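In listed order, ligands and their atoms are each counted from 1. All residue numbers in this chain count up from 1 along the given sequence. Values in this document were obtained by computation on a predicted structure and should not be read as measured data.
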Amino acid sequence: MNDTLKNKTALVTGANSGMGMATVRALSDMGARVIMLCRSEKRGKEALERLLSEDTSRTLELILCDLGDYDSIRNFANIVRSNYDHIDIIVNNAGFISLDRQETKEGLERQFGINHIGHFLLTMSLLDLMGEGGRIVNVSSGAHKVGKIHFDDINLHKGFNVITAYSQSKLANVLFTRELARRVKDRGITVNCCHPGAVATNIGIDRETGFGKTITGLLKPFFQTPEQGARTAIFLASDSSVSDITGEYFYKCKIAKSSKQSKDPQLAERFFEFSKELVGIS
Ligand SMILES: NC(=O)c1ccc[n+]([C@@H]2O[C@H](COP(=O)([O-])OP(=O)(O)OC[C@H]3O[C@@H](n4cnc5c(N)ncnc54)[C@H](OP(=O)(O)O)[C@@H]3O)[C@@H](O)[C@H]2O)c1
């Protein structure tokens with residue numbers, strides 16, 4: 001335990017599994033109080049108990065939220081607002097990938113709906129609790145490089161496949177990073193994103209059926225651990241060397257090359273306005 005983040009409040013989404021849980025552990029070990037956003041009460045409580053059993057001095061709060069449901073996100077934001085007067089760090093880490101086409105409660109294609117729109121609404125709902133020195137970290141992926149924003153068919157009713165859908169959602173994470181960074185720069189808030197690399201987590205495993213477990217298990221020896229994969233997000237959330245850097249895409253704790261589209265300011269602005277309309281922000 002050190003006190004780099006003493007008196008800081010951090011929010012981590014997808015906090016019960018993989019890199020999210022590793023991020024909670026690391027931020028809490030630096031002295032932060034951490035709000036754990038989890039969608040399942042059972043998995044959330046298990047993660048909370050495990051983290052507290054490792055170190056009882058941790059200050060953690062579990063708050064449930066389904067990022068595929070606008071009401072749930074608004075309810076989450078209201079609870080946070082009543083329990084905390086400020087937030088210093090948001091790590092938008094939760095992620096979903098699926099071979100078949102699924103939809104969120106509002107009828108959005110589920111990877112786009114959770115990976116981008118859920119986090120967009122969450123962040124915009126809590127932005128006024130952040131101020132000078134605040135940091136937002138969006139966990140994207142190298143998969144954004146093959147992504148395209150399908151403005152005319154954002155929910156991929158035509159031509160859905162897992163690569164098209166996942167890469168669109170991860171390009172969305174980078175575009176959101178760039179445009180939000182520009183919009184909150186004069187408030188002293190930084191916004192960066194990262195690619196964690198290939199990491200052995202529960203991503204792609206169906207939580208109900210366990211489908212995907214065998215493949216993930218076989219790949220485990222070749223992949224990074226969640227702790228290794230979470231390093232860049234943790235670095236962006238806490239390291240003093242990046243306190244003035246904003247709007248960038250990182251890999252292995254260094255600014256990295258992202259796709260041409262992800263650097264297009266007009267596209268980023270158009271997509272931000274498009275996202276606002278989808279969640280009903282005027
Ligand atoms: N693993 C990799 O190789 C890799 C590579 C590049 C990028 N990434 C990105 O890294 C991030 C972390 O993923 P991970 O690999 O650590 O995966 P993971 O172990 O599957 O964790 C994903 C987390 O997101 C949560 N989540 C999923 N749907 C949600 C929803 N509707 N509402 C709230 N939370 C939800 C999950 O909750 P449940 O456990 O309850 O489902 C879980 O806590 C993701 O954004 C992913 O796209 C991963």
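- At least one heavy atom of Lys170 lies less than 4.0 angstrom from ligand 1.
- Geometrically, ligand 1 and Tyr166 share a nitrogen or oxygen pair separated by less than 3.5 Å.
- With ring centers used as reference points, Tyr249 lies under 6.0 Å from His144.
- Residue contacts with ligand 1 for Ala200 are absent, since no atom lies close enough (heavy atoms, distance under 4.0 Å).
- Side-chain contact between Glu103 and Leu108: absent, with no pair of heavy atoms (C-beta onward) separated by less than 4.5 Å.
- An N or O contact shorter than 3.5 Å is missing between Ser141 and ligand 1 by distance.
- The nearest non-hydrogen atom to atom 4 (C) of ligand 1, considering only Cys194, Pro226, Ala22, Gly197, comes from Gly197.
- Among the atoms of His195, none of the N or O lies under 3.5 angstrom from an N or O of ligand 1.
- Both the backbone and the side chain of Leu67 come within contact range of ligand 1, each with a heavy atom under 4.0 Å.
- Nearest to atom 1 (N) of ligand 1 by heavy-atom distance, out of Asn16, Val199, Leu64, is Val199.
- Proximity annotation for atom 27 (C) of ligand 1: of Ala230, Gly95, Ala94, Gly95 comes nearest, heavy atoms only.
- Not a single N or O atom of Ala198, backbone or side chain, sits closer than 3.5 Å to an N or O atom of ligand 1.
- The hydrophobic cluster containing Val139 also contains Met21, counting ILVMFWY residues as joined when their side-chain heavy atoms lie under 4.5 angstrom apart, directly or transitively.
- Scanning for side-chain contact (heavy atoms from CB on, under 4.5 Å) contacts around Glu41 gives Lys45, Leu64, with sequence neighbours left out.
- Between Pro196 and ligand 1, a contact under 3.5 Å exists for no N or O pair.
- For a threshold of 3.5 Å applied to N or O pairs, the pair formed by Phe96 and ligand 1 contains no separation below that value.
- Ligand 1 has an N or O atom lying under 3.5 Å from an N or O atom of Gly14, backbone or side chain.
- Heavy atoms of Arg207 found under 4.0 angstrom from ligand 1 belong exclusively to the side chain.
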